[in-house]
Amino acid sequence: MKTINVFLVLFLGLLFISGCTGEQKSTDIYMYPDNIPLPYIKVPEDIVDIHGELENKERFDEFFLNVEQGIEDSIRVVRYTTEGAPILYDYDFDKEAIKVKIDTSRDGFGQKEIFHTTCSAIKVDETSNRTSYNVKECVPKIEDSTILVIEHK
């Protein structure tokens, strides 16, 4: 009888331990189907452009300087549509080229796609009213090559 109790306690103990280490399945709100993009969560490193109002421009200046000096760097620029949807632009400089990823998947009125291209450099266009930073010589070509536009007041 004592032997059966010992085996019963050991069996239940092993069952309890194995239940705690098994793979967990989650159905919480952070799990999204493949056809629904994850929500955009702003991080401090992001350069945010809300209809010309810029946040974190200093980070862009640092990225631009690193590209000019041939130092690897990457940034994310987030531009908001008129309706308020974020369009994400990721720029990754690897000392030779700028790899660009444009994510329009959260734009309810747009193409809802992710585009990839590789560009050779950043071109600066200055006028008395504004300075525009654009990627150039992109393969494949993209319609909007603008990284940032800074209006002079």
Side-chain angles (χ1 to χ4, degrees), residues 14-153:
L14 287 173
L15 185 64
F16 177 74
I17 291 172
S18 67
C20 291
T21 60
E23 182 179 336
Q24 300 290 321
K25 302 234 185 236
S26 176
T27 57
D28 63 19
I29 63 171
Y30 299 106
M31 307 259 329
Y32 289 85
D34 289 341
N35 61 340
I36 297 175
L38 294 172
Y40 163 66
I41 299 172
K42 182 179 171 185
V43 296
E45 296 82 25
D46 287 348
I47 300 155
V48 180
D49 181 355
I50 303 175
H51 311 295
E53 295 294 320
L54 293 178
E55 294 178 22
N56 207 11
K57 182 189 173 296
E58 304 78 32
R59 178 63 189 103
F60 173 75
D61 294 337
E62 181 182 333
F63 174 77
F64 182 68
L65 184 62
N66 285 339
V67 170
E68 285 186 324
Q69 295 177 352
I71 300 169
E72 290 182 2
D73 199 357
S74 61
I75 59 169
R76 170 175 282 169
V77 175
V78 181
R79 280 195 259 157
Y80 283 86
T81 65
T82 306
E83 298 80 21
I87 308 292
L88 309 181
Y89 298 82
D90 292 306
Y91 300 92
D92 183 23
F93 178 64
D94 65 4
K95 293 185 180 181
E96 295 180 18
I98 302 167
K99 292 179 176 70
V100 181
K101 175 179 143 185
I102 304 170
D103 182 350
T104 65
S105 62
R106 293 162 191 82
D107 183 6
F109 296 96
Q111 298 173 352
K112 295 186 179 187
E113 295 180 347
I114 297 176
F115 304 94
H116 295 270
T117 188
T118 302
C119 307
S120 66
I122 297 174
K123 179 182 175 191
V124 181
D125 293 319
E126 288 189 74
T127 67
S128 60
N129 298 335
R130 64 189 226 162
T131 303
S132 176
Y133 297 87
N134 303 286
V135 285
K136 67 177 192 175
E137 299 172 9
C138 300
V139 178
K141 291 187 180 201
I142 53 176
E143 286 181 33
D144 183 9
S145 63
T146 305
I147 302 173
L148 278 182
V149 174
I150 298 160
E151 301 289 337
H152 304 294
K153 297 177 181 181

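Owing to the predicted nature of the structure, the values given are computational and were not obtained by experimental measurement. These values consider heavy atoms only, across backbone and side chains, with no hydrogens, waters or symmetry-generated copies.
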Show me, pair by pair, the donor-acceptor contacts under 3.5 angstrom made by side chains of residues 43-50, not counting sequence neighbours?
| unit_1 | atom_1 | unit_2 | atom_2 | d |
| --- | --- | --- | --- | --- |
| D46 | OD2 | Y40 | OH | 2.6 |
| D46 | OD2 | V43 | N | 3.3 |
| D49 | OD1 | G52 | N | 2.8 |

Worksheet item: Is any side-chain heavy atom of D144 less than 4.5 Å from a side-chain heavy atom of Y89?
Response: yes
Worksheet entry | Flag side-chain contact, heavy atom, 4.5 Å: I150 against E126 | no
Discussion item. Within the structure provided, determine whether S120 and K136 are in side-chain contact (heavy-atom separation under 4.5 Å).
Written reply: yes
Discussion item. Does this structure show an ion pair linking D103 with K101, if we count only N-O contacts that are shorter than 4.0 Å?
Written reply: no
Discussion item. How long is the straight-line distance from CD1 of I102 back to CZ of R79, given to the nearest 0.5 Å?
Written reply: 8.0 Å
Fill in: Distance-only side-chain donor-acceptor flag, H152 / S128, under 3.5 Å
no
Worksheet item: Are side-chain heavy atoms of V67 and D73 found at a separation under 4.5 Å?
Response: no
Practice prompt. Report the C-alpha separation of E62 and L65 in whole Å, then their side-chain angles, then the decisive distance to 0.1 Å, and conclude whether the side-chain contact (heavy atoms from CB on, under 4.5 Å) test is met.
Written response: CA-CA 5 Å; E62 181 182 333; L65 184 62; 5.8 Å; no
Worksheet entry | Pairwise side-chain contact, T117 with V135, heavy-atom cut-off 4.5 Å (strictly under) | no
Worksheet entry | 4.5 Å side-chain heavy-atom contact, N66 and F93 | no
Worksheet item: Is the closest side-chain heavy-atom distance between F60 and L54 below 4.5 Å?
Response: no
Item to complete: Please report the closest heavy-atom contact between A85 and R106, naming both atoms and the distance.
Response: CB-O, 3.5 Å
Item to complete: Evaluate the side-chain proximity of I75 to V77: yes if any heavy-atom separation is below 4.5 Å, no if none is.
Response: yes
Item to complete: Evaluate the ring planes of F63 and Y91, with Trp represented by its six-membered ring, and classify them as parallel (under 30°), tilted (30 to 60°) or perpendicular (over 60°).
Response: tilted
